[in-house]
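Reading through the structure tokens given below for one structure.
Because the structure is a prediction, the values reported are computed rather than measured. In listed order, ligands and their atoms are each counted from 1.
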Amino acid sequence: MKDIKNYTLNELGNILERERYPAFCAKQIFSWVYKRNIDDFSKMSDLSKAARQYLKSNFYISSLKTLERKVSVDGTEKFLFALDDKNTIETVIIPKGNRNTLCVSTQVGCRYGCKFCVSGLFGFKRNLKVSEIINQFIKINSIIIPKAITNVVFMGIGEPLDNFDNVIKSISIMTSPFGIHFGRRRITISTCGITPKVKELLNMDFGVKLSISLHSADNRKRSLLMPVNKLYPLAGLIDQAKRYAKKYRFPVTFEYILIKDINSKREDALNLSRMLRGLRYKINIIPYNPAPAFKWQVPSFYDINSFTKILKRKGVFFTLRRPRGQDIEAACGQLRIAMMKNEKRV
Ligand code: SF4
């Protein structure tokens with residue numbers, strides 16, 4: 001049996017055609033599954049009896065099981081979901097004004113081991129399937145009714161560009177007019193900087209937004225924080241970011257976690273302002289959110305002020321963000337790790 005949510009509209013149409021069912025059945029199935037949230041083929045009343053029987057004998061419709069739900073005082077909600085193979089993933093919904101931003105996971109664990117991120121602490125286990133990505137959207141959208149998801153960021157556990165095909169397929173389902181019909185420009189893929197994959201995304205004409213975890217404009221410091229930088233140093237990455245912004249005429253977003261004495265000094269601000277020259281960008285400065293696994297320190301008010309003052313003087317437009325959901329371990333991967341620790345204790 002195959003999970004029907006692993007297939008894009010085209011793939012499903014091809015399968016049905018091979019079985020001598022009309023390809024437009026795929027559109028009807030998409031509409032039942034993604035627009036009406038129906039999880040039973042026998043309820044798909046506009047399909048022929050034979051088609052319904054074929055689907056029942058060959059496919060199933062998956063969903064996610066919620067293990068834990070935590071709500072922060074700032075409204076951020078974090079969910080721990082169980083997968084069929086007993087692995088777990090986290091998904092976060094962040095409300096702000098009229099926006100409800102969904103932060104989606106794409107892998108179980110992560111192989112990139114950034115030195116401030118708990119998601120990479122236990123290494124990489126596996127890629128999420130298309131269905132496991134899309135089900136995060138469907139599940140949370142149904143939980144937050146009457147509100148609805150307004151934006152999606154691929155910024156949860158895992159590196160989205162390391163699970164490229166499944167991420168692209170899940171976005172194609174999200175944006176299909178017969179599926180969820182979610183706007184591409186409301187979707188952001190966030191990467192630690194896998195330059196060849198950024199290039200591939202750029203060449204696909206896919207039109208989603210791009211965000212880059214930057215954290216330093218100096219190769220030596222960035223490699224210390226993000227080992228991926230040794231493989232794909234800044235020059236090539238920033239070149240692709242420039243091309244991306246130019247092609248789509250929207251800014252590339254950079255995330256910069258400000259860590260005391262590491263990347264928060266005067267020279268760091270100056271390097272950053274130089275690097276951003278000639279780029280269409282947005283940059284979020286985020287004071288470090290402490291996690292017990294790391295030795296880094298939170299920058300003081302004075303550190304933050306001095307750093308941002310230099311940026312202002314150099315004409316850098318930035319947003320100073322506060323970490324969300326600190327009281328519910330909302331930093332990416334923390335809930336999953338707490339659960340793994342509990343399991344070990346048992
Ligand atoms: S920041 Fe992203 S790429 Fe780096 S370890 Fe965490 S999940 Fe992986």
Inset, instruction - Run down the list Cys117, Pro160, Ser105 and name the one with the heavy atom closest to atom 6 (Fe) of ligand 1. - result: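 Nearest heavy atom to atom 6 (Fe) of ligand 1 lies in Cys117.
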
Inset, instruction - Establish whether Phe250 and Val252 are linked, either directly or via other cluster members, by ILVMFWY side-chain heavy-atom contacts under 4.5 Å. - result: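 Same cluster: Phe250 reaches Val252 through Ile, Leu, Val, Met, Phe, Trp or Tyr contacts under 4.5 Å.
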
Legend entry - Identified side chain to side chain contact (heavy atoms under 4.5 Å, CB included) counterpart of Thr91 within the set Leu102, Thr66, Leu64: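 The side chain to side chain contact (heavy atoms under 4.5 Å, CB included) with Thr91 is passed solely by Leu102 among Leu102, Thr66, Leu64.
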
Inset, instruction - Can you sort out which atoms of ligand 1 are near Cys192, meaning under 4.0 Å from one of its heavy atoms? - result: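 Numbered from 1, ligand 1 contributes 3 (S).
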
Inset, instruction - Please could you name the atoms of ligand 1 that Gly113 approaches to less than 4.0 Å, counting only its heavy atoms? - result: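 Answer, ordered by atom number: 5 (S).
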
Inset, instruction - Using the six-membered ring wherever Trp is involved, compare the ring planes of Phe137 and Phe182 and label them parallel, tilted or perpendicular (cut-offs 30° and 60°). - result: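 Geometry flag for Phe182 against Phe137: perpendicular rings.
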
Inset, instruction - Take the angle between the ring planes of Tyr248 and Tyr244 and call it parallel below 30°, perpendicular above 60°, tilted in between. - result: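 Rings of Tyr248 and Tyr244: tilted, 30 to 60°.
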
Inset, instruction - May I ask you to say whether Arg243 pairs ionically with Asp239, meaning some side-chain N is under 4.0 Å from a carboxylate O? - result: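 Yes, charged N to carboxylate O under 4.0 Å.
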
Inset, instruction - Report yes or no: does Gly158 have a heavy atom closer than 4.0 Å to ligand 1? - result: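 Yes, Gly158 has a heavy atom closer than 4.0 Å to ligand 1.
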
Inset, instruction - Using 2.8 Å as a strict upper limit, say whether an N, O or S atom of Cys110 approaches atom 4 (Fe) of ligand 1 that closely. - result: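 No, outside the cut-off.
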
